2 protein chains.
Amino acid sequence: MKKRVTIHDIARIAGVSPATVSRVLSKSSYPVSSDMRKKIERLAEEHDYIPNMVGKQLKTHKNMTIGVIVPTISNPFYSSVVLGIEEMARRNNYHVFLCNSLQNPKQEDEYLEKLFENQVKGVVLSSISFNRALLTRLIKLGLKVIAIDQPIDLQDVFQIKFDYRKGGYMATQYLLDKGHRRIAFITAPLDRPSRQSIFDGYRDALQDAGIAVEERLVNVSEPAEGDETRGEFENGKLLTRRLFDLDELPTAVFACNDMTALGVINELTAHGVKIPEQMSVVGFDNIDFSQMIAPPLTTIHQPSYEMGKLAYNMLMELMGGGQAEIDIVLQPKLIERSTVAVKK
Amino acid sequence: MKKRVTIHDIARIAGVSPATVSRVLSKSSYPVSSDMRKKIERLAEEHDYIPNMVGKQLKTHKNMTIGVIVPTISNPFYSSVVLGIEEMARRNNYHVFLCNSLQNPKQEDEYLEKLFENQVKGVVLSSISFNRALLTRLIKLGLKVIAIDQPIDLQDVFQIKFDYRKGGYMATQYLLDKGHRRIAFITAPLDRPSRQSIFDGYRDALQDAGIAVEERLVNVSEPAEGDETRGEFENGKLLTRRLFDLDELPTAVFACNDMTALGVINELTAHGVKIPEQMSVVGFDNIDFSQMIAPPLTTIHQPSYEMGKLAYNMLMELMGGGQAEIDIVLQPKLIERSTVAVKK
DNA sequence: ATGAAAGCGCTAACAA
DNA sequence: TTGTTAGCGCTTTCAT
């Protein structure tokens, strides 16, 4: 294992000062004679010089990495968001420091702190925590934060929002338009603002149609910890099973996300219920998989990849001292596929 | 925005030397009187002291981050591997620097270099490149590398292998046992060793059964770039379409991975072909989704999460100066679900 | 038990 | 155009 060569080594070999070497190797605009420049570049190449960003960073207080904290990348929705962020970051020579909070607020805080210790200056955060103590402290110390997916109600935190309520409303309205009156809502715990909003949309759509919300048709699961993705699916199955305890099945199911909808469909199919002939199903998110199943899932599109890109752009704006940014609210879109039939 | 407080600030306030402050705040084992220790801890707390890891790292040449390079986390197989690595890393207070090479060898090299510049000392790599120039250089400079998924034939690179050939053999043999004789193989380009090996297994199983490999039943797609996950699915669809040009359909399809198998199933269903009654399908990987579809997919299990954990452990061993590590070959397992029927 | 001082690799005034 | 020097925040020998 060869010793690492530094700017000083190159300087010594070239018989010049480290400053000159720094100027050429860091692509500074500072003037250096072209002979010198060539010589140094050649020497650097020959000696396998690779810059040490830690030294540079300590001096300049700048770095090229941003943090991203999401519940888990095993959820295709988040992996798509992350890919969007990373794509933009790459183009601008930034790095992404990815953290999976795994439904654990403590984990979220630990990552936040670690990120900050590592001098990360900007973070895109899908927060599952309610305690804003640490976040507030870090923001005071200069951390820039963009909230996605879950709102964060703090001064100086800007948001890429999504109109979950409207999405919930649209999905329900669509089912209503197809003639359905008994529409079940199946969801993971309403402990996240996004889910609560989807439920609000469901409720409002029913009420606007003059239909009372039947409590037995609203199925909320118990909170769980760990990797959520498998959980959402299992959840969908579990809550669907409860439907069969009812005197009469609903004619349609609206699930709080696609993973849950997959569970619903799976369980329904296991019970011999045909989709959409005997039961209509609508999901939420429009993950790639939703169109890969048979029949392909009708769902509400949430532009995850674009969300990632937007989040990156807003973060850069913020970090570049841009100010008075405005929150963005992305609009839902209904994707009609094949899991909904007209109620006969 | 408050100015960041350093150990010097704390030292000044406490009226002691920075050395003493460092000793207590970095949890050094060096003796410090308990009065002093308490005072410093209190002051640090009061003044919101947060250590600067960059300074520390420059001095100690140690850091707590490892790199992980995979084709894309939007592929559930890789996201599961990454989660396994991250889980272990977290337990040991390590960080994961995640990079998606997106099927692009140049991107892979860029990330490798960036990682190294940032003083990352260990990397878990699923390489899609064939050019080992940079990697060889970095290894000479002390980088430790664990290869997963795709073998890397370099001195000092240790591997978590998977017996792809055996997996391919098992899947084909299983189909053979069920009475199938005309078994199509559908795959993305054989430019990765893993896929080639799966094909070898397919071929060998047929040959051992005294069945000639029919060229028209082996469908290989053209190379593509970009985010592969959607591509694999589309690929499965595309190649399945070609099957219908044949004089006679095969009775079973073996796909090189589950995403492709989903595409196969999707296209088959679109053509009104019932699975498994009219066509049997076997996948490869056993991603979570493979059991979420209807009917659930029969497939070859590749232990992605465990692979991640193993990779982390091996890497730590290597980085800790452990030597004479031995490559590991994980064994495939057939998961019988519902997409295969006995050939009548 | 505490402090002084050097230095990790790099950059950036300032000087020459 | 090039060099000198100081120092980013931290740890760590060596002294005291």
Side-chain angles (χ1 to χ4, degrees), chain A residues 2-41 43-44 47-64 113-114 116-121 141-142, chain B residues 2-41 43-44 47-64 113-114 116-121 141-142:
Chain A
K2 289 193 286 183
K3 207 196 141 291
R4 234 108 129 175
V5 9
T6 73
I7 238 174
H8 284 89
D9 299 324
I10 303 288
R12 197 170 21 75
I13 298 165
V16 296
S17 78
T20 306
V21 177
S22 169
R23 280 162 194 147
V24 356
L25 262 22
S26 67
K27 295 165 180 47
S28 146
S29 62
Y30 205 92
V32 174
S33 74
S34 89
D35 279 2
M36 191 82 274
R37 164 162 275 121
K38 283 201 192 95
K39 180 177 180 186
I40 291 173
E41 277 166 350
L43 255 21
H47 290 81
D48 259 350
Y49 171 77
I50 294 185
N52 182 335
M53 289 306 168
V54 174
K56 175 172 191 157
Q57 206 185 126
L58 185 57
K59 178 69 189 175
T60 62
H61 294 281
K62 289 191 188 320
N63 69 50
M64 299 302 277
E113 185 147 8
K114 238 185 196 177
F116 195 78
E117 289 178 351
N118 283 281
Q119 308 308 107
V120 167
K121 301 291 197 295
L141 291 168
Chain B
K2 290 193 285 184
K3 207 197 142 290
R4 233 107 132 178
V5 7
T6 72
I7 53 172
H8 283 89
D9 299 324
I10 302 289
R12 198 172 15 79
I13 298 165
V16 296
S17 77
T20 306
V21 177
S22 168
R23 279 162 194 148
V24 356
L25 261 23
S26 66
K27 295 166 180 47
S28 146
S29 61
Y30 204 92
V32 174
S33 75
S34 89
D35 279 3
M36 190 80 275
R37 163 162 276 121
K38 283 205 192 89
K39 180 176 180 186
I40 290 174
E41 277 165 350
L43 255 20
H47 290 81
D48 260 349
Y49 170 78
I50 295 185
N52 181 335
M53 289 305 166
V54 174
K56 174 170 190 158
Q57 206 186 126
L58 185 56
K59 179 69 190 174
T60 61
H61 294 278
K62 288 191 188 318
N63 69 49
M64 299 302 276
E113 186 147 10
K114 238 185 196 175
F116 196 77
E117 288 178 351
N118 283 282
Q119 308 308 110
V120 167
K121 301 292 198 295
L141 291 169

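The shown structure was predicted, so the numbers you read here are calculated from the model rather than taken from an experiment. In the text below, chain A, chain B and the rest are named by the order of the sequence lines, each starting its count at 1.
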(request) Say whether, by atom type as modelled, one donor and one acceptor occur between the side chain of B/Thr60 and the main chain of B/Lys56 under 3.5 angstrom. (result) yes
(request) Decide yes or no, distance alone: a donor-acceptor N/O pair under 3.5 angstrom between the base of D/dT13 and the side-chain of B/Tyr30. (result) no
(message) For A/Pro18, is there any backbone N or O sitting under 3.5 Å from a side-chain donor or acceptor partner on A/Ser22?
(response) no
(request) Using a heavy-atom cut-off of under 4.0 Å over every strand shown, decide if A/Ser28 touches base, sugar-phosphate, or nothing. (result) nothing
(request) Side chain of B/Pro51 only, please: which of D/dC10, D/dG9, D/dG7 is the nearest? (result) D/dC10
(request) With a 4.0 angstrom cut-off to heavy atoms of chain B, pull out the first and last contacting nucleotide of DNA chain C, in 5'-to-3' order. (result) C/dA1 to C/dG9
(message) Restricting to non-hydrogen atoms, name the atom on B/Val32 and the atom on B/Arg37 that form the minimum distance, rounded to 0.1 Å.
(response) O-NH1, 3.5 Å
(message) I'd like to know if the side chain of B/Asn52 and the backbone of B/Val54 have a donor-acceptor N/O pair within less than 3.5 Å.
(response) yes
(request) Using the six-membered ring of A/Tyr49, assess whether NZ or CZ of A/Arg4 lies under 6.0 Å from its centre and within 45 degrees of the ring axis. (result) no
(message) Between B/Lys39 (side chain only) and B/Ala14 (backbone N and O only), is there a donor and an acceptor less than 3.5 Å apart?
(response) yes
(message) With nearest nucleotide decided by heavy atoms, which residue, A/Lys3 or A/Arg23, maps closer to the 5′ end of DNA chain C?
(response) A/Lys3
(request) Please report the shortest heavy-atom distance between A/Thr20 and A/Ile40, naming the atom on each side. (result) CG2-CD1, 3.9 Å
(request) Find the distance B/His61:NE2 to D/dG9:P and express it as a whole number of Å. (result) 18 Å
(message) Under 4.0 Å, heavy atoms only, any strand: does B/Met53 hit a base, just the sugar-phosphate, or nothing?
(response) nothing
(message) Please list, in numerical order, the residues of residues 8-22 of chain B that have a heavy atom closer than 4.0 Å to any atom of DNA chain D.
(response) B/His8, B/Ala19, B/Ser22
(request) Return the minimal non-hydrogen interatomic distance between A/Ala11 and A/Ser17, and the atom names on each side. (result) CB-C, 3.8 Å
(request) Could you state the atom-to-atom distance from CG of B/Leu58 to P of D/dG9 in whole Å? (result) 12 Å
(request) Please report, rounded to the nearest Å, how far the P atom of D/dT1 is from the NZ atom of A/Lys38. (result) 14 Å
(message) Go through it in stages, so that I can follow the logic: the residues are A/Ile10 and A/His47, the test is side chain to side chain contact (heavy atoms under 4.5 Å, CB included), and I'd like the CA-CA distance, side-chain angles, deciding distance and then a yes or no.
(response) CA-CA 8 Å; A/Ile10 303 288; A/His47 290 81; 4.2 Å; yes
(request) Starting at atom NZ of A/Lys59, determine the distance to atom P of D/dC8, rounded to an integer number of angstrom. (result) 8 Å
(message) Measure CD/A/Glu117 against C1'/D/dC10 and give the value in whole Å, please.
(response) 13 Å
(request) Please figure out whether B/Thr60 or B/Ser33 has its closest DNA chain C nucleotide nearer the 5' end. (result) B/Ser33
(request) Round to the nearest Å and state the distance from B/Lys56 atom NZ to D/dT12 atom C1'. (result) 13 Å
(request) Calculate the interatomic distance between B/Ile7 atom CD1 and D/dG9 atom P; express it in whole Å. (result) 10 Å
